[in-house]
K.L.:
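One structure, as structure tokens, below. Some questions next.
Below, chain A is the first sequence line, B the second, and so on; all start at residue 1.
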Number of protein chains: 2
Amino acid sequence: MNVQLEDNYGKREAVLKSTLALIKEYGFHGTPMSMIAKHAGVAAGTIYHYFDSKETLIVELYIHVKDRLAKAILVYDDKKLPYKDRFFNLMINQYNFYIENPDALVFLEQYVNSPFAKNYPEKESQLFIDKVHTFFNYGIENAYFRNIDPRLLAPTVKGTLVAAANFQLSEHIVFSKEDLIEVINIVWDGIKRQNLQHIQYP
Amino acid sequence: MNVQLEDNYGKREAVLKSTLALIKEYGFHGTPMSMIAKHAGVAAGTIYHYFDSKETLIVELYIHVKDRLAKAILVYDDKKLPYKDRFFNLMINQYNFYIENPDALVFLEQYVNSPFAKNYPEKESQLFIDKVHTFFNYGIENAYFRNIDPRLLAPTVKGTLVAAANFQLSEHIVFSKEDLIEVINIVWDGIKRQNLQHIQYP
DNA sequence: TGTAACCGAATGAACGTTCAATTAGAAGAT
DNA sequence: ATCTTCTAATTGAACGTTCATTCGGTTACA
């Protein structure tokens, strides 16, 4: 009896999940709706009960994945810890999310470089903006970071983490905890406020 | 509309150029062969005189663009200069290439995250491998860089530069020379061999 | 009995590719 | 120079397939 609500939600969820998996394998244009339907165990028409079109399905999938990413990033975030520790924790979480959800990684990268991102710039995960952007802004306002345009920070960080995750996944290597910390040190050493010897802050 | 202004460049060239421009605008699946033909000022059938299929057209376009990128990166490279100076010069060149060829930037990012890159891993620009990889390997062997897996270096560097270039292009901002140097400093400070005070190399 | 979820064959438009026909140009012969 | 011949380049209508979407009908359930 309480299963029905779950079941109803289940089909929508199944469609999203199948779309994610198939897009990783075949790309956007390589995955017809019929394939999604079959993979998700629903009829083709059912997809249109939950989504207006293939395009909105993909846009909604993007928000769905970004929501999941935002939640995963913030696990165990403790505002009482030093900012650098919090930063490292967030980076570790983000990295692990990619490793545990390679299809999400591939999909997100495909999406942001596709015309979708340009055509629906307003379609974003509100959760991600609220939480993750807030975290970065805090670091900027409190001068933990280099004095660059704040809008450059997040992409810069993401670029390196994505590169590392893609590398691990494509080469079928397992990074040790130390390896990962080293990668995050690359990011941190790059963007942290530099204390150059010849400049003195009184 | 008609890209084939210079007839001496040939129809093959015009097709590649049009494909690049249209993919930036509409993505892979958004640009039918008929549209490419019209934009390039050739008949649909003519494309198949130069390319076996749409798929090979895109793969060959990838190699074509990577070749151009490799050439652009290496402009004014002087092996007598200090390695760090050479590194900065290469980064500046790479960045400028993206800014001057936004369609190439978008295309490359789309390509590497698409199934093409997975399905044709052997299709790469030999020029790029020869020149650019060689440059990075030199830096690794001579310990200019942090002690990480060398295969992580190039993607890490590229990630940050691409982030910066995309940012400038999407926000319609013009970076000053100093801004760009600051971005490259982020990269360099991240990947250079760190001299931590508490570790002494005799 | 009413409504929402669900089905899957049918539809029609879009697309990649083919091909028979035409043109351009080069090479050779006279 | 002119004509002949051969090949490569080019054309675009036609073909066959694929695919997103629709819709009339069915089921589940409240």
K.L.:
Verify the distance criterion only: is there a donor paired with an acceptor across the side chains of B/Arg68 and B/Asn101 at less than 3.5 Å?
P.N.:
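Per modelled atom types, B/Arg68 and B/Asn101 side chains form a pair under 3.5 Å.
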K.L.:
Just checking, any donor-acceptor pair under 3.5 angstrom between side chains of B/Ser176 and B/Asp179?
P.N.:
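A pair is found: one side chain offers a donor N or O, the other an acceptor, under 3.5 Å apart.
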K.L.:
Nearest to the side chain of B/Pro32, heavy atoms from C-beta on, is which of D/dT21, C/dG16, D/dT11?
P.N.:
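Of the options given, the side chain of B/Pro32 lies nearest C/dG16.
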K.L.:
In whole Å, I'd like the distance from the NE2 atom of B/His29 to the P atom of C/dA13.
P.N.:
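It is 21 Å, rounded to the nearest whole Å.
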K.L.:
Would you call B/Phe116 and B/Phe28 a side-chain contact if the rule is heavy atoms closer than 4.5 Å?
P.N.:
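They are in contact (side-chain heavy atoms under 4.5 Å apart), so the answer is yes.
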K.L.:
Strictly under 6.0 Å, is that where the ring centroids of A/Tyr83 and A/Phe135 end up?
P.N.:
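Between A/Tyr83 and A/Phe135, the centre distance is under 6.0 Å.
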K.L.:
Once you round it to whole Å, what is the distance between P of C/dC6 and CZ of A/Arg12?
P.N.:
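For the pair A/Arg12 CZ and C/dC6 P, the rounded distance is 12 Å.
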K.L.:
Rounding to an integer number of Å, can you tell me how far B/Ile36 CD1 sits from C/dT17 C1'?
P.N.:
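So the CD1-C1' distance, B/Ile36 to C/dT17, works out to 13 Å.
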K.L.:
Mind calculating the distance between NZ (B/Lys38) and P (C/dC15) to the nearest angstrom?
P.N.:
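After rounding, the gap between these two atoms is 13 Å.
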K.L.:
Of A/Ala43 and B/Gly30, whose closest DNA chain C nucleotide lies nearer the 5' terminus?
P.N.:
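Result of the comparison: A/Ala43.
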K.L.:
Any carboxylate oxygen within less than 4.0 angstrom of a Lys/Arg side-chain nitrogen, looking at B/Lys158 and B/Glu109?
P.N.:
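Salt bridge between B/Lys158 and B/Glu109, a charged N being under 4.0 Å from a carboxylate O: yes.
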K.L.:
Give a yes or no on whether a salt bridge exists between B/Lys131 and B/Asp77, defined as a side-chain N under 4.0 angstrom from a carboxylate O.
P.N.:
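So B/Lys131 does not pair with B/Asp77 through a salt bridge.
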K.L.:
I need the CE-P distance between B/Met33 and D/dG16, as an integer number of Å.
P.N.:
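Answer to the nearest Å: 20 Å.
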K.L.:
Which of residues 47-60 of chain B sit near DNA chain C, with a heavy atom under 4.0 Å from it?
P.N.:
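Output list: B/Tyr48, B/Ser53, B/Lys54.
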K.L.:
State which of C/dC6, D/dT21, D/dT11 makes the closest approach to the side chain of A/Thr46.
P.N.:
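Closest of the options to the side chain of A/Thr46: C/dC6.
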K.L.:
Examine D/dT11: is either OP1 or OP2 under 4.0 Å from a nitrogen or oxygen in the side chain of B/Lys11? Give yes or no.
P.N.:
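Result: yes.
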